[in-house]
Protein chains: 2
Amino acid sequence: MADDAIERGVKLLRDHGLKVTPQRLVILRYLEKYRNHPNADEIYNALKSRNPSLSKTTVYNTLETMHKQRLVDVLTISESERRYDLRRESHHHFMCQECGRILDIEIACPNCHRIINGEHRVDEVHGYFKGICSECLTKEDKL
Amino acid sequence: MADDAIERGVKLLRDHGLKVTPQRLVILRYLEKYRNHPNADEIYNALKSRNPSLSKTTVYNTLETMHKQRLVDVLTISESERRYDLRRESHHHFMCQECGRILDIEIACPNCHRIINGEHRVDEVHGYFKGICSECLTKEDKL
DNA sequence: GTGGCTGCAAATCATTTGCATATAC
DNA sequence: GTATATGCAAATGATTTGCAGCCAC
């Protein structure tokens, strides 16, 4: 892992009032590097060979802690499992029902946020789109 | 159950190519009457006293079948369970983290749908907002 | 008549919990 | 030194599956 990535991770954790542990750093680094909206199992499996003592409980604990500190978004676009995403400026997600990929959708939706915030206090906004992605469309002619 | 509600249910099922069964009718009727975004368990518990033979498996089967026929929307706004909603013209949902209620949000978001449809084929759009509802805000001063 | 629907019991599997040990600060 | 984090094994709980009998059409 590059030194600057470690430093960045340490700072990110400290800035959010979290203790710095190797497990937290490596999970944060995974999210930052791949940005692939993984579930807990994918994170665990990707990291366990280089971090043999890592437990799945810790993966869950860590992601939950980071979510509470608004460092990580929890996506429920999949009906069967949670997926995690390093938090960044509001964007949305598209899930392909064919290949299962979750793609970032860069759409700002200022209307929605503003209107509803007048009535309730809105802390999280999730835009989930589901269908067939352009790649699968060309492959399989499902247009 | 009112006669016209039954008739409406029968028509709805037939129009969607589904066989008409008492279980399907009563579940449909529940969704139509309460529109409270229930989970499978709530539906089952609400109906079992008047429909003693109803099984939870059938509740799940029925909701899944209706979802496939685009009669019912599956909401994953709650992280721990699916919630169901009779399908109607596109609207969105707000979940109060305090009282747990899921409220309908009547916002049209034409931008989003149009833009993304140029790239992928979009079959479902879900807008999930989370925070504290106005009622809980006044009660507890969490503004 | 038959293909699809129902309901029971058992299985699955993501996530959570209890608790003893280890570690960040 | 102490509060918190980690990791193991066991528990939980929503959803699914296998299968036998039933019913809508």
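All chains are named by letter (A, B, ...) in the order of the sequence lines, taking the proteins before the strands, and each is independently numbered beginning at 1.
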side-chain contact (heavy atoms from CB on, under 4.5 Å), paired with A:V20, selected from A:L28, A:L12, A:L13:
A:L13
Before accepting this row, confirm whether a basic side-chain N of the pair B:R101/B:E135 lies closer than 4.0 Å to the acidic partner's carboxylate O.
yes
Within less than 4.0 Å of OP1 or OP2 of C:dG7, is there a side-chain N or O belonging to B:Q23?
yes
Taking five pairs at each end of the helix from C:dG1-D:dC25 to C:dC25-D:dG1, what angle separates the two helix axes (nearest 10°)?
50°
Atom pair distance, as rounded to whole Å: NE2 in A:H16 and P in D:dA5
15 Å
B:R88 atom CZ: more than 12 heavy-atom contacts under 6.0 Å
yes
How long is the straight-line distance from NE2 of A:H37 back to CG of A:D73, given to the nearest 0.5 Å?
9.5 Å
Examine the side chains of A:D104 and A:H93 and answer whether a donor and an acceptor come within less than 3.5 Å of each other.
yes
To the nearest angstrom, how far is B:L13 atom CG from C:dG4 atom C1'?
14 Å
Which of B:L86, B:L71, B:D85 passes side-chain contact (heavy atoms from CB on, under 4.5 Å) with B:L31? It is B:L86
For B:S53, answer base if it contacts any base atom (sugar-phosphate contacts may also be present), sugar-phosphate if it contacts only those atoms, and nothing otherwise; contact means non-hydrogen atoms under 4.0 Å.
sugar-phosphate
With heavy atoms under 4.0 Å as the rule, sort A:T62 into base, sugar-phosphate or nothing.
sugar-phosphate
Under 4.0 Å protein heavy-atom contact, by nucleotide of nucleotides 20-25 of chain C - B base, S sugar-phosphate only:
----BS
Whole angstrom value for the distance that separates P of D:dT4 from CD of A:Q69:
13 Å
Base, backbone or nothing for each nucleotide of nucleotides 13-18 of chain D, written B, S, -, heavy atoms under 4.0 angstrom, 5' to 3'?
-SBBB-
In this structure, how many angstroms lie between the C1' atom of C:dC5 and the CG atom of B:L63, rounded?
14 Å
Report the distance from atom NZ of B:K48 to atom P of C:dT6, rounded to the nearest whole Å.
19 Å
Can a side chain N or O of A:S55 be found less than 4.0 Å away from OP1 or OP2 on D:dC8?
no
What closest approach, in Å, do B:C133 and B:C96 show between heavy atoms, and which atom pair accounts for it?
N-SG, 3.4 Å
Residues A:N36 and A:Y30: closest non-hydrogen pair is ND2-OH, 3.2 Å
Whether A:K130 and B:D123 form a salt bridge (side-chain N of Lys/Arg under 4.0 Å from carboxylate O of Asp/Glu) is what I want to check.
no
Please report the distance, rounded to the nearest Å, between CD1 in A:I43 and C1' in D:dT6.
17 Å
Whole Å only: how far is the OH atom of B:Y44 from the C1' atom of C:dC8?
11 Å
From CA spacing to verdict: side chain to side chain contact (heavy atoms under 4.5 Å, CB included), B:E124, A:M95:
CA-CA 10 Å; B:E124 292 184 46; A:M95 183 178 204; over 6 Å; no
Rounded to the nearest angstrom, tell me the gap between atom CD1 in A:I77 and atom P in C:dA14.
18 Å
Approximate separation, where rounding is to 0.5 Å, of B:R29 CZ and B:E32 CD
5.5 Å
Test applied, side-chain hydrogen bond (donor to acceptor under 3.5 Å, both in side chains); reference residue, A:K56; option that passes from A:N45, A:N61, A:D41
A:D41
